[in-house]
Amino acid sequence: AAVQATEGQALVCDGKFATTVFSACCGGWTENNENVWSGPPNPALRGTSDFSAKNRISAPSTESGWRQQIKAKPDAWCAGDTDGFRWQKRFTNQELSKLVNQRHTVGTIHSIREGTRGVSGRLKSVTITGSKGTVTIEQELAIRQAFGGLPSAMFIIETSSTGGAPATFVFYGGGRGHGVGLCQYGAYGMAVAGRKYEAIVTHYFKGVTIERTR
C-alpha cells in the first residue's frame, strides 16, 4: 500500500534525485556524510537530531558532554531499538589486543585515545598505542572493524588498570550503522507517533522536496 501510495514520487535536492542512504539506528543524532565516507559534503545528508520538538536535545559540544549522553538514554525517535540504541562491549586487554592486531600490528595495547567526533558523536579517528607501535585509524567503518566489528563508531571507552597497565576496556556506544541519512528505527518511531511520510523524509534529508517524476 505504501509503495502504491507514493508511486511516481521522488526526493529531489538541487534539481537532482537526492542521495537517500540509511542506517538501522542513529543513536540520537545522524551524521554528515563527509565524516563517514570520502567525498564532498552532500547538502541532503546533514547530521540532525533524532528527537521530537518536545524532547529535543542539542548535540553536545564537548567530549564530556558526549560521554554523558552516550551513557544516558535520551528519548529519541530511535530509542525503540532496545538492542542498538545503547550498547556495551567489554574486553580484556588480551582479547582486544588480539582483535586489533588482526588489522594493525601494535602488540599489546597500552592506550587508546579517542579523536575528534562528528556531529552525531561518531568518532572520526582513534589512536592505539601498543608494545610494537602506534596507529591512528580514521573513518567510521575502519574504526568499527579495528575493534572486532562494533555496532557503530559512536562510543566512549573506559579502562581499568592492574599494576599500572590496562586490564579491561569497556566500550559504551550508541546506534547501529554509519548514521548518515534516514534512521530506520527513528522513522518507525515517527510513524508510530503519527508523523506522515512527508514529515519523516524531510526530517532526515535536508533541503529536499517531494516531486513527481511522472
Side-chain angles (χ1 to χ4, degrees), residues 23-32 34-38 47 50 57-76 78-79 81-180 185:
S23 64
C25 177
C26 69
W29 294 270
T30 65
E31 186 56 74
N32 291 343
E34 70 274 14
N35 291 336
V36 173
W37 306 301
S38 58
D50 197 41
I57 300 174
S58 298
S61 58
T62 64
E63 178 63 20
S64 61
W66 277 118
R67 300 188 79 81
Q68 180 180 356
Q69 284 299 327
I70 291 173
K71 292 190 74 172
K73 191 175 181 181
D75 191 14
C78 58
D81 181 7
T82 55
D83 293 328
F85 182 67
R86 290 293 181 267
W87 47 266
Q88 180 178 327
K89 303 283 186 181
R90 181 184 298 269
F91 303 94
T92 65
N93 193 329
Q94 183 179 11
E95 291 169 337
L96 194 61
S97 294
K98 183 178 180 179
L99 286 173
V100 170
N101 279 272
Q102 291 177 6
R103 294 175 179 270
H104 308 280
T105 304
V106 297
T108 301
I109 296 175
H110 291 169
S111 67
I112 304 172
R113 181 170 58 84
E114 298 152 45
T116 58
R117 299 181 184 273
V119 296
S120 72
R122 284 166 171 78
L123 286 164
K124 295 194 287 185
S125 70
V126 295
T127 298
I128 305 170
T129 298
S131 58
K132 295 183 179 180
T134 298
V135 63
T136 295
I137 305 165
E138 298 179 331
Q139 294 198 310
E140 197 265 353
L141 182 57
I143 292 170
R144 292 162 58 187
Q145 291 175 332
F147 300 112
L150 296 176
S152 85
M154 180 185 180
F155 62 79
I156 62 172
I157 307 171
E158 293 186 355
T159 306
S160 63
S161 300
T162 300
T168 61
F169 298 89
V170 181
F171 291 70
Y172 295 92
R176 287 193 291 162
H178 51 69
V180 180
Y185 268 93

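Sequential numbering from 1 along the given sequence is applied to the chain's residues. What you are looking at is a predicted structure, and each value in this text was computed from that prediction instead of being measured.
A pairwise comparison of heavy atoms in Ser125 and Glu138 identifies CB-CG, 4.0 Å as the closest pair. The heavy-atom pair separating Ala76 from Gly28 by the smallest distance is CB-CA, 4.0 Å. The minimum heavy-atom distance between Phe155 and Glu114, with the atom names listed, is O-OE1, 4.2 Å. The nearest pair of heavy atoms linking Cys78 to Cys26 is SG-SG, 3.8 Å. Contact between Ala153 and Ile143 at its shortest, heavy atoms only, is CB-CG2, 4.4 Å. Taking each heavy atom of Val119 and Trp66 in turn, the nearest pair found is O-CZ2, 3.6 Å.
A side-chain donor-acceptor contact under 3.5 Å links Ser160 and Thr168. When only modelled atom types and interatomic distance are considered, Thr136 and Thr127 share a side-chain donor-acceptor pair under 3.5 Å.
With hydrogens and angles disregarded, no donor-acceptor distance shorter than 3.5 Å links the side chain of Arg117 to the backbone of Glu63. Counting only distance, with no hydrogens or angles, the side chain of His104 and the backbone of Val106 share no donor-acceptor pair below 3.5 Å. Distance alone, capped at 3.5 Å, places no donor-acceptor pair between the Thr129 side chain and the Ser111 backbone. Not one N or O on the side chain of Glu31 forms a donor-acceptor pair closer than 3.5 Å with the backbone of His178. Asn93 places a side-chain N or O within donor-acceptor distance of the main-chain N or O of Pro166, the cut-off being under 3.5 Å. Checked by atom type and distance alone, the side chain of Ser131 pairs as donor or acceptor with a backbone atom of Thr108 at under 3.5 Å.
Separation of atoms CD1 (Ile128) and CD1 (Ile137) is listed at 3.5 Å; rounding is to 0.5 Å. Taken from CD in Gln94 to CD1 in Ile109, the straight-line distance is 11.5 Å, to the nearest 0.5 Å. For the atom pair CZ (Arg113) and CG (Leu123), the distance works out to 11.0 Å, reported to the nearest 0.5 Å. Rounding to the nearest 0.5 angstrom, the gap separating the OG atom in Ser97 from the CD atom in Gln102 is 11.5 Å.
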Checklist entry - After noting the C-alpha distance and the side-chain angles of Ile112 and Val100, does the key distance pass the side-chain contact (heavy atoms from CB on, under 4.5 Å) rule? => result CA-CA 11 Å; Ile112 304 172; Val100 170; over 6 Å; no
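Side-chain atoms of Asn35 and Arg122, non-hydrogen and from C-beta on, never get closer than 4.5 Å to each other. For the pair Met154/Ser120, no side-chain contact is recorded, criterion being any heavy-atom separation below 4.5 Å from C-beta on. For the pair Phe85 and Pro74, the minimum side-chain heavy-atom distance is below 4.5 Å. At a threshold of 4.5 Å between non-hydrogen side-chain atoms, the residues Leu150 and Trp87 count as touching. Between Ile157 and Val126 there is no side-chain heavy-atom pair separated by less than 4.5 Å. Side-chain atoms of Trp29 and Ile57, non-hydrogen and from C-beta on, do get closer than 4.5 Å to each other.
Heavy-atom neighbours of Glu158 CD from other residues, nucleotides or ligands within 6.0 Å: above the threshold of 12.
Among residues at least two apart or in separate chains, salt bridge (Lys or Arg N to Asp or Glu O under 4.0 Å) pairs with a member in residues 81-95 are Asp81-Arg176.
Phe171 has its ring centre less than 6.0 Å from the ring centre of Phe147.
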